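In this text the structure is predicted, and so the values were computed from the model without any measurement. In what follows, every chain begins at residue 1, and chains take the letters A, B, ... in the order their sequences are listed.
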There are 2 protein chains.
Amino acid sequence: MQSTAQIVSIRARESGCAECAFRGECVACGEGGCAPARADEVMVAPKVLHRGDHLFRTSDDFQNIYMVRSGAIKTYVILQSGEEQVIGFHTPGDIVGLDAIESGGHMCNAMVLDTSCICPLRFDQLCRLSQRVPDVQSRLMNRLSRKIVDHEALLLILGQKTAEQRMAAFLLHFSRRQHDLGLSALDINLPMSRADIASYLALAVETVSRVLTRLQDGGLLDVQRNRVRILDLQRLATIAEETLEARPRPSRVARPLH
Amino acid sequence: MQSTAQIVSIRARESGCAECAFRGECVACGEGGCAPARADEVMVAPKVLHRGDHLFRTSDDFQNIYMVRSGAIKTYVILQSGEEQVIGFHTPGDIVGLDAIESGGHMCNAMVLDTSCICPLRFDQLCRLSQRVPDVQSRLMNRLSRKIVDHEALLLILGQKTAEQRMAAFLLHFSRRQHDLGLSALDINLPMSRADIASYLALAVETVSRVLTRLQDGGLLDVQRNRVRILDLQRLATIAEETLEARPRPSRVARPLH
DNA sequence: CGACCGCTTGAGAACCTTCAAGCGGTGTGG
DNA sequence: CCACACCGCTTGAAGGTTCTCAAGCGGTCG
């Protein structure tokens, strides 16, 4: 017993769960910290990956889901034309790879944008564990559900008509994300290229660039390479939220049909 | 024992699991059919709802997820401007309400487009059941994961640049869906309005109308109100898949960064 | 039968894209 | 160590697709 507990705690220490900022949110860990027995089953040693590295590629076998502890990941697919289409950006606290559960193979590529620390979690073990520990099960479900909600929020962003609105919504999303991590909500570092943003928002690179300049000229932002300072959060939010239909016009409100 | 089994089987019969076309896919049922004990815990009597009815509304308490057995549902949110933004369409075999798991409240409204038979499934019971029955757990996970994949596919559609491509992809999606249900892949009934489609695809109503006319003039479709016959599936697929960048041009293929 | 609603069609305007060129930084080879 | 090339980003001009506004058509419901 004693020796087992010791071995296990070494594993937990290796993985650095004790210092992990997302302990409370981790699907494998409980609120009170990571129970060693859990870590032992589910955890693989955390990886440090660098800009340009791939976490996984399309049709790679699905074994792990990946918790981002630091850095940034982008997921993307290659279209028939050979062009790259960015699906999402993943920052600390996010889990990558949830779209592989059903098919058993990854549906996209995951590339590291910025030196990242990634915790692989064995999905089959996670499932087994969640049979015994209701808390783990609900965390897992919650994660999956959150992903769905996030996607729906993104659909709303893409539903925004103008490029300015999409960009504003995108920046605000990052701002809130940073804030939630305890970082500045106004000083954003964008780890992805303009081309990545363009693909993600379904815009041309040139448009992204122009919109950023326009927002800067308007005194809303201070853009310097990938460093964006939000100068007028209020106005940015107004842009993001206002739809073109805000004018007096027969509003297309949802009504019961007949 | 005997009497319990009998009561239970009555419940299962009430819910009509025996004749349900989606028995094999139902999160509550196993491959061999719906185990009565399961149905008893999880199932609520199936509802029949009509055009214009709401299954749930934003911020309604989350208790059930809903399996669509027949008919069609749309989910949408109301934007600040009062305008309606359609999030998704749900046809037989789909599950609605998965986005409420994490927050405990529904994130959108669900309106019936066409007389529908809906199976409410008690989510808390489903979780409890999935603790005991691994098969149920994996079905549930798979469903959540599939939803994520579906959303990503939709993001790709919206990433498609032209209105024609989006429309083609939308129609093909419906076509495949119908085919999977054992119905005709070429004779599609669209239960939603043009405005719904427009909102969903981030286009103007007029554009949706024009694109449909254009596709009809091109001999790809035969459009009659909400009834669409696909005359040239091959060409429709070509339109949907080809990206604008298909021409010889320095391809923006994903490459390792440096 | 009339009004309303959903859909279609037309014309003009607006926004975004495309094509083209130039700038600045980084990395590499001479 | 410097120069050059490459890459990402920006900026400009022209063109195109889609949006907006407006009007008309057809079906449905009261």
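Classified by interplanar angle (parallel below 30°, tilted 30° to 60°, perpendicular above 60°), the ring pair B/F56/B/H106 is parallel.
Here the CD1-OG1 distance, from A/I239 to A/T162, works out to 8.0 Å after rounding to the nearest 0.5 Å. The distance from the CD1 atom of A/I95 to the CG atom of A/L144 is 8.0 Å, given to the nearest 0.5 Å.
In this structure, A/L158 atom CG and D/dT18 atom C1' are separated by 17 Å, rounded to whole Å. B/R51 places its CZ atom 12 Å from the C1' atom of D/dT28, with the value rounded to the nearest Å. Look at CD on B/Q165: it is 13 Å from C1' on C/dT17, rounded to the nearest Å. With rounding to whole Å, B/I197 atom CD1 is found 14 Å from C/dG6 atom P. Rounded to whole Å, atom P of C/dA14 lies 21 Å from atom CG of B/L203. Counting to the nearest Å, the C1' atom of C/dA14 and the CZ atom of A/R214 are 12 Å from each other. Rounded to whole angstrom, the span from the CD atom of A/E164 across to the P atom of C/dT17 amounts to 13 Å. Across the protein-nucleic acid pair, B/L201 atom CG and D/dC19 atom C1' stand 15 Å apart, rounded to whole Å.
Legend: residues meeting salt bridge (Lys or Arg N to Asp or Glu O under 4.0 Å) with A/E152, ordered by chain and number and at least two apart, are absent.
Each end of the helix from C/dC1-D/dG30 to C/dG30-D/dC1 gets its own axis from five base pairs, and the two axes differ in direction by 30°, given to 10 degrees.
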**Request:** Quick one: do B/Y200 and B/F170 satisfy ring pair (Phe, Tyr, Trp, His ring centres under 6.0 Å)? Show the steps, please.
**Result:** CA-CA 10 Å; B/Y200 184 65; B/F170 174 73; 5.8 Å; yes

Find every protein N or O atom lying less than 3.5 Å from an N or O atom of nucleotides 7-12 of chain C, and list the pairs.
unit_1	atom_1	unit_2	atom_2	d
C/dC7	OP1	B/R194	N	3.2
C/dC7	OP2	B/R194	N	3.0
C/dT8	OP1	B/R194	NH2	3.2
C/dT8	OP2	B/R194	NE	3.0
C/dT8	OP2	B/S209	OG	2.8
C/dT8	O5'	B/S209	OG	2.9
C/dT9	OP2	B/T213	OG1	2.9
C/dG10	N7	B/R210	NH1	2.8
C/dG10	O6	B/R210	NH2	3.3
C/dA11	N6	B/R210	NH2	3.4

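Judged by distance alone, the side chains of A/H54 and A/R57 do bring a donor and an acceptor atom under 3.5 Å apart. B/D196 and B/S199 share no donor-acceptor pair across their side chains, judged by distance under 3.5 Å alone.
With B/D94 as the fixed residue, the salt bridge (Lys or Arg N to Asp or Glu O under 4.0 Å) test singles out one of B/K147, B/R143, B/R177, B/K74: B/R177.
For the pair B/T91 (side chain) and B/A72 (backbone), a donor-acceptor distance under 3.5 Å is absent.
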